Number of protein chains: 2
Amino acid sequence: MPSPATSELPVLRKVIRSSTIDLIADQIRNAIYSGSLAPGQSINEVRTAELLVVSRPSLREALQRLVSEGVMTHAPGRGVWVKRMTSDDIDDVYAVREAIEAQAVKIVIRSGKPIARIHQALATLELAIEENTARAIGDADLDFHHSIVACSGSVRLSDLMKVSMVHTRLLSLSDPRGYEVRCDLIETHRELNESIAAGNEPRALAVVGRVMAGAAARLHNPLTEPEAVIVRADDQDKLVDDQWSQLRDTMRA
Amino acid sequence: MPSPATSELPVLRKVIRSSTIDLIADQIRNAIYSGSLAPGQSINEVRTAELLVVSRPSLREALQRLVSEGVMTHAPGRGVWVKRMTSDDIDDVYAVREAIEAQAVKIVIRSGKPIARIHQALATLELAIEENTARAIGDADLDFHHSIVACSGSVRLSDLMKVSMVHTRLLSLSDPRGYEVRCDLIETHRELNESIAAGNEPRALAVVGRVMAGAAARLHNPLTEPEAVIVRADDQDKLVDDQWSQLRDTMRA
DNA sequence: CATATAACGTTGTCTGACAGTGTGACATCC
DNA sequence: GGATGTCACACTGTCAGACAACGTTATATG
């Protein structure tokens, strides 16, 4: 029998009801992140609204969220489509990521906050590399980077990181060669993990800078990389979502 | 008579039609930035739509943009209101700003891009301080910081900075003491400007860190500051917009 | 073959509607 | 008196339907 006294209430958390618009935006964002909705893919408002069983206005509100996140592009009269990244975007995205992650590293090291989550993300990444599927490696890679930002405790940095993760994914998916990851990334990630654990700020920052520069360079220049370390995603590798593949089929080119 | 050859067209820029939603979002954002719309102020959709002479759906789409920018808050069933910042937000906002501006400083120095705009912004700031009105100083201060990011040439960093400027402004406006600025900020800004011009990256980064930490500390602890350097905004100082003051009056508490 | 025209599909925007929910005033009860 | 219950009002959440403006594609025309 629960205690009647208000001050002695058991541990109750604030009820968070997410709005419909949140849910819609999440679904579309996830579809993009998982590759079900390809860069350049345009959104047919009527059909998409039907598919999600929401009204057109609700869908449009959600789309505005994604537009302001830079995940989708909007042109008056032509509607909204998944942003297609160009080579100009590569350095830009990684500049933002370096800004976010460097700051997060500084906060984590200086505040001495717990970093168990980073270790765990690294372990997951190692497993994914053994598994050797592009999608799993890509997800684990980004999750590792996100774990650092999450440990900083800054909600804003964390939110920005989530958006940047989608941008990063869009960079890969916009690559004409198709979605690829390099499985040699584990070295630098271990080094980053160690530097943070050791509280070595300059070294950690240097690694962050190196990782970003390296990733950007590889996207610019595909040929410098020995084939051996590349894992390419085949079509079956992507998280297939019947709903969205159905959508993709009914959409115009 | 214009040349008929397409390749010989005079200098023409791509026509950018901004969507209605952009315009609505800009108006509301400006109203917040200028202080016409105070933190905590809720938006009555029907009345606001009437005031802007747009439909409720269009207004709602625009509001979603501002929600995802973190400028407004949304709760299901209770609508949307201007975000009210708390002390928890102070460090968070400045952590993001340090991330952005430090990265921008690095890019500007390493790339050797032109920095005339920064000098100009500093000059404007000096003028504003002579003028000694809180609003002018606050605007010039933020514009100086933005000029650095703009010089980096990164559109994403620049966009993030624009949002962070509104966040910073909301921090001041949410302060129970009212909107205040310190006119002693010119010293550090001159130093930052010089460091960038001299290409002294470590020093520039140190100044950025110091500016952010100082600003955050002053918002946390009002009393450490001698009154002499504080400029307080009186009511007439804010950019009065008949349209929005009318709106404010008709809105519920 | 390039250009004009027509037909179609989509988006942009609005009106109107109604249920669900939040809010404040008021009455009620211990 | 303070807490609780009740009710009316205001507002948001969501939808359907409509229509003009715009884009795009196919078709006709020079």
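All values reported here derive from a predicted model rather than from experimental measurement. A, B, ... follow the sequence lines: proteins, then strands. Residue 1 opens every chain.
For D:dG23, the OP1/OP2 oxygens have a side-chain nitrogen or oxygen of B:R17 closer than 4.0 Å. Phosphate contact (OP1/OP2 of D:dC11, side-chain N/O of B:N44, threshold under 4.0 Å): present. Proximity of A:H74 to the phosphate of C:dT11: no side-chain N or O atom is located under 4.0 Å from OP1 or OP2. Between A:S58 and D:dG13, a side-chain N or O to OP1/OP2 separation shorter than 4.0 Å is absent.
Put simply, the side chain of A:R56 and the base of D:dG17 share no donor and acceptor less than 3.5 Å apart.
If B:P76 and A:A75 are placed on DNA chain C by their nearest nucleotide, the residue sitting closer to the 5' end is A:A75. Heavy-atom distances to DNA chain C give each of B:S55 and A:V46 a nearest nucleotide, and the one nearer the 5′ end belongs to A:V46.
Across the protein-nucleic acid pair, A:W81 atom CH2 and C:dT10 atom P stand 16 Å apart, rounded to whole Å. One atom, CZ of A:R60, and another, P of D:dG13, lie 18 Å apart when rounded to the nearest Å. Whole-Å rounding puts the A:R47 CZ to C:dT10 C1' distance at 10 Å. Rounded to a whole Å, the CD atom of A:E61 is 10 Å from the P atom of D:dC15. In this structure, A:M72 places its CE atom 12 Å from P of C:dT11, rounding to the nearest Å. Rounded to an integer number of Å, the gap from A:R78 CZ to C:dC8 P is 23 Å. Rounded to a whole Å, the CG atom of A:L52 is 11 Å from the P atom of D:dC15.
If you check every strand for non-hydrogen atoms under 4.0 Å, A:V54 touches sugar and phosphate atoms only.
Note on A:D159 versus A:R156: no salt bridge recorded, every NZ/NE/NH1/NH2 to OD/OE distance being 4.0 Å or above.
With hydrogens and angles left out, the side-chain atoms of B:H146 and B:S158 include a donor and acceptor closer than 3.5 Å. Checked by atom type, the side-chain pair A:S36/A:S34 shows a donor-acceptor distance below 3.5 Å.
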Original post:
Is there a salt bridge (charged side-chain N to carboxylate O under 4.0 Å, His left out) between A:R97 and A:D92 once you walk through the steps?
Top reply: CA-CA 9 Å; A:R97 281 198 44 192; A:D92 213 50; over 6 Å; no
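The nucleotide whose nearest atom lies closest to any side-chain atom of B:E45 is, among D:dG13, C:dT11, D:dC11, D:dG13.
Formation of a donor-acceptor pair under 3.5 Å by the B:S58 side chain with backbone atoms of B:V54 is not found in this model.
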